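Note sheet for the following structure.
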Amino acid sequence: MTFHVLTLFPEMIREFATHSILGRAAKAGLVEVKPLNIRDFAINKHGQVDDAPYGGGAGMVMMAQPIFDAFSSLSTTQNTPVIYLSPQGHVLTQARAQQLSQEKEIILICGHYEGLDERIIEEIVTEEISIGDYVLTGGEPAACVLIDAVSRLIPGVLGKEESHQNESFSQSNLLEHPHYTRPPIFRGREVPEILLSGHHGNIEKWRQEEAIRRTKSKRPDLLKI
């Protein structure tokens, strides 16, 4: 998959994409993250990409022209999703990340200041996505979250498909069960005996019960969905 990221800070996106699992996936040719500097498409000699809002008010608004020209420079298909990272969008879910992982290309637009000229949203954006009910100083961190959430669902990125199949939100509205590894005792806290029993049926039953218990305790709202 290729992620095209329209941004004022391409170095933020480029650096993010070089580390950990995403970095390995990029080296393996499974994922490509291509930041595109919106400022390169400014027609003002000073590289201006924002201006004061019509009607007055605090802050600045990103101009439509540089964003549209940056978008137009991409050789993508007509059906390529164009996502604006916005606190006004639908909150990103595991289900939506799974759907997006089926795409060949995705275009992400990172806003700043008071946001984008509304006409660019009307003209090219196919979907607005938020990563939570709060406001960031720019869309880059949100773009990185979306890239990470989607990339890890692409076959081959995690190595084993089952790595994400039983995670929180993946198969149901339940959170994932607790995990333990060596040593069997740490500061007086023991690994549950059932996990050392070797009885896979009992272990699976325990994990399901723990998933329900954990969801009731930490995210009871999920059980109402």
Side-chain angles (χ1 to χ4, degrees), residues 1-19 22 26 31-97 99-101 103-151:
M1 174 185 287
T2 299
F3 295 91
H4 301 279
V5 187
L6 277 57
T7 170
L8 296 180
F9 299 96
E11 63 277 9
M12 291 179 63
I13 303 298
R14 192 175 294 113
E15 177 66 18
F16 165 77
T18 62
H19 296 284
L22 183 57
V31 175
E32 186 174 17
V33 180
K34 302 176 70 173
L36 185 62
N37 194 339
I38 296 171
R39 203 175 295 278
D40 290 344
F41 297 86
I43 57 176
N44 183 289
K45 66 178 181 180
H46 302 294
Q48 183 180 358
V49 295
D50 64 315
D51 210 334
Y54 282 124
M60 304 288 277
V61 176
M62 291 184 68
M63 302 163 67
Q65 172 270 316
I67 299 172
F68 183 81
D69 287 355
F71 164 78
S72 299
S73 74
L74 299 173
S75 298
T76 57
T77 66
Q78 186 175 2
N79 296 325
T80 299
V82 181
I83 298 172
Y84 172 38
L85 285 311
S86 164
Q88 296 187 18
H90 295 292
V91 175
L92 178 65
T93 64
Q94 187 73 9
R96 186 62 184 127
Q99 292 168 351
L100 290 172
S101 72
E103 300 287 346
K104 295 295 184 182
E105 294 182 288
I106 296 175
I107 300 172
L108 304 176
I109 303 177
C110 302
H112 275 271
Y113 319 120
E114 295 302 309
L116 312 184
D117 185 308
E118 186 68 18
R119 291 167 295 184
I120 202 67
I121 299 175
E122 296 169 350
E123 186 72 19
I124 66 172
V125 171
T126 60
E127 181 179 5
E128 294 183 58
I129 288 182
S130 168
I131 62 168
D133 294 338
Y134 48 87
V135 179
L136 303 171
T137 55
E140 285 76 16
C144 291
V145 168
L146 187 147
I147 291 169
D148 188 278
V150 172
S151 294

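FYI, side chains are in, hydrogens and waters are out, and symmetry mates aren't considered; it's all heavy atoms of this structure. This structure is a prediction, so every number in the text was calculated from the model and none was measured.
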Full working for side-chain contact (heavy atoms from CB on, under 4.5 Å) between I109 and I83
CA-CA 6 Å; I109 303 177; I83 298 172; over 6 Å; no
Out of curiosity, [X] [atom1] to [Y] [atom2], how far, rounded to the nearest 0.5 Å?
| X | Y | atom1 | atom2 | value |
| --- | --- | --- | --- | --- |
| C144 | L85 | SG | CG | 9.0 Å |
| T137 | Y113 | OG1 | OH | 10.5 Å |
| L108 | H4 | CG | NE2 | 10.0 Å |
| S101 | Q94 | OG | CD | 9.0 Å |
| I107 | F71 | CD1 | CZ | 5.0 Å |
| M63 | I38 | CE | CD1 | 12.0 Å |

Could you list the donor-acceptor pairs under 3.5 angstrom formed by side chains in residues 9-18, with sequence neighbours left out?
| residue | atom | partner | partner atom | Å |
| --- | --- | --- | --- | --- |
| E15 | OE2 | H19 | NE2 | 2.8 |
| T18 | OG1 | E15 | O | 2.7 |

How would you list, by chain and number, every residue that makes a side-chain hydrogen bond (donor to acceptor under 3.5 Å, both in side chains) with [X], sequence neighbours excluded?
| X | answer |
| --- | --- |
| D51 | none |
| T77 | T80 |
| E118 | none |
| N37 | none |

For a quick check under 3.5 Å, do T2 and E105 share a side-chain donor-acceptor pair by atom type?
no
Does a side chain donor of either E140 or H112 reach within less than 3.5 Å of an acceptor in the other side chain?
yes
Which heavy atom of [X] sits nearest a heavy atom of [Y], and at what distance?
| X | Y | value |
| --- | --- | --- |
| A64 | I120 | O-CD1, 3.6 Å |
| A143 | V5 | CB-CG1, 4.4 Å |
| V31 | S151 | CG1-OG, 3.8 Å |
| P53 | G59 | CD-O, 3.3 Å |
| G138 | P141 | O-CD, 3.4 Å |

Quick one: does [X]'s side chain get under 4.5 Å of [Y]'s, heavy atoms only?
| X | Y | result |
| --- | --- | --- |
| L8 | C110 | no |
| I147 | L22 | yes |
| I67 | M62 | yes |
| L116 | V61 | no |

For [X], all residues meeting side-chain contact (heavy atoms from CB on, under 4.5 Å), sequence neighbours excluded:
| X | value |
| --- | --- |
| M1 | F3, E103, I106, V150, I154 |
| Q65 | I43, D69 |
| E128 | Y84, S86, Q88, I121, V125 |
| A70 | L6, L36, F41 |

Would you please name every residue forming a salt bridge (charged side-chain N to carboxylate O under 4.0 Å, His left out) with D50, sequence neighbours left out?
none
Contacts of R39 that satisfy salt bridge (charged side-chain N to carboxylate O under 4.0 Å, His left out) - sequence neighbours left out:
none
Please lay out, stage by stage, how I131 and V91 fare under the test side-chain contact (heavy atoms from CB on, under 4.5 Å).
CA-CA 5 Å; I131 62 168; V91 175; over 6 Å; no
Taking atom OH as the centre, does Y54 end up with more than 12 heavy-atom neighbours from other residues, nucleotides or ligands that are less than 6.0 angstrom away?
no
